[in-house]
Amino acid sequence: MYSTNIRDNKCLAECITVSTDTNMLHFIVDTGAMFTCCNYSLFDVHLKEETIKRNETKYLGGFVKGFPVTFYKYSLKQFTIGTIDMGEQDIWITFDKRVTDTVLGMDILKQVIMITNPYEQKIYFCKDADDY
């Protein structure tokens, strides 16, 4: 089980991403977001857009003043929420410098059990029923 605090009506989860390097990032938990997405530079500054141009592409709106942003599907060797190893996961990355948020969306969140405790201002994450 992993827990994190709710502050200013926002919840940040510590996540570990493993591609060529291992990085610890804070993702905004967003149950209204369909996809987990971020700027590529947060976890692989050496990645070039030309190397993933053939990956699946999505144009997601609303990121920058309502305008769509191009995101590429990117496979991670490992994605961990707190202490919960989610194994290999696909996330969506952009090379648009205007995108600075890291969003943990429902594509990954639907794989865990989430419990919100408004009295303690915490969100708890469990890998499965045994962990719960």
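Please read all numbers here as calculations on a predicted model, not as lab measurements.
Within the hydrophobic cluster formed by Ile, Leu, Val, Met, Phe, Trp and Tyr side chains joined at under 4.5 Å, directly or through other members, Ile28 is accompanied by Leu12. Val18 belongs to a hydrophobic cluster whose remaining members, ordered by chain and number, are Ile16, Met24; membership requires side-chain heavy atoms of ILVMFWY residues under 4.5 Å apart, directly or through intermediates.
A side-chain contact (heavy atoms from CB on, under 4.5 Å) with Ile91 is found for exactly one of Thr36, Leu104, Thr102, namely Thr36.
Clustering ILVMFWY residues whenever any of their side-chain heavy atoms sit less than 4.5 angstrom apart, transitively, puts Tyr74 in a cluster other than the one holding Val69. Taking hydrophobic clusters as Ile, Leu, Val, Met, Phe, Trp and Tyr residues chained together by side-chain heavy-atom distances below 4.5 Å, Ile93 does not share a cluster with Met34. Hydrophobic cluster membership is shared by Tyr2 and Phe79, with clusters built from Ile, Leu, Val, Met, Phe, Trp and Tyr side chains linked at under 4.5 angstrom. Trp92 and Ile81 are not part of a single hydrophobic cluster, where members link through side-chain heavy atoms under 4.5 Å apart.
In this structure, Asp30 has no side-chain hydrogen bond (donor to acceptor under 3.5 Å, both in side chains) partners at least two apart in sequence or on a different chain. In terms of the side-chain hydrogen bond (donor to acceptor under 3.5 Å, both in side chains) criterion, residue partners of Thr80 (sequence neighbours excluded) are, by chain and number, Gln78. Scanning for side-chain hydrogen bond (donor to acceptor under 3.5 Å, both in side chains) contacts around Thr17 gives an empty result, with sequence neighbours left out. Looking at residues two or more places apart in sequence or on another chain, you find no side-chain hydrogen bond (donor to acceptor under 3.5 Å, both in side chains) involving Asp85. Taking the side chain to side chain contact (heavy atoms under 4.5 Å, CB included) definition, one finds that Thr100 meets it with nothing, sequence neighbours left out. Scored by the salt bridge (charged side-chain N to carboxylate O under 4.0 Å, His left out) test, Lys77 finds no partners at all (sequence neighbours excluded).
In this structure, the side chains of Asp90 and Leu76 stay at 4.5 Å or more apart for every pair of heavy atoms. Looking only at side-chain heavy atoms (C-beta outward), Thr57 and Phe71 stay at 4.5 Å or farther from each other.
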What donor-acceptor contacts under 3.5 angstrom involve side-chain atoms of residues 108-132, with partners at least two apart or in another chain?
from, atom 1, to, atom 2, distance (Å)
Gln111, OE1, Gln89, NE2, 3.0
Gln111, NE2, Gln89, OE1, 3.0
Gln111, NE2, Asp107, O, 2.9
Asn117, OD1, Tyr119, N, 2.9
Asn117, OD1, Glu120, N, 3.1
Glu120, OE1, Tyr124, OH, 2.4
Gln121, NE2, Pro118, O, 2.8
Lys122, NZ, Asn5, OD1, 3.0
Asp128, OD1, Asp130, N, 3.2
Asp128, OD1, Asp131, N, 2.9
Asp131, OD1, Met1, N, 2.9
Asp131, OD2, Met1, N, 3.2
Asp131, OD2, Lys127, N, 2.9

Scan the side chains in residues 38-49 for donor-acceptor partners under 3.5 Å anywhere in the protein, sequence neighbours excluded, and list what turns up.
from, atom 1, to, atom 2, distance (Å)
Asn39, OD1, Ser41, N, 3.0
Asn39, OD1, Ser41, OG, 2.9
Asn39, ND2, Asp96, O, 2.8
Asn39, ND2, Val99, O, 3.3
Asp44, OD1, His46, N, 3.2
Asp44, OD1, Leu47, N, 3.3
Asp44, OD2, Thr20, OG1, 3.2
Glu49, OE2, Tyr72, OH, 2.6

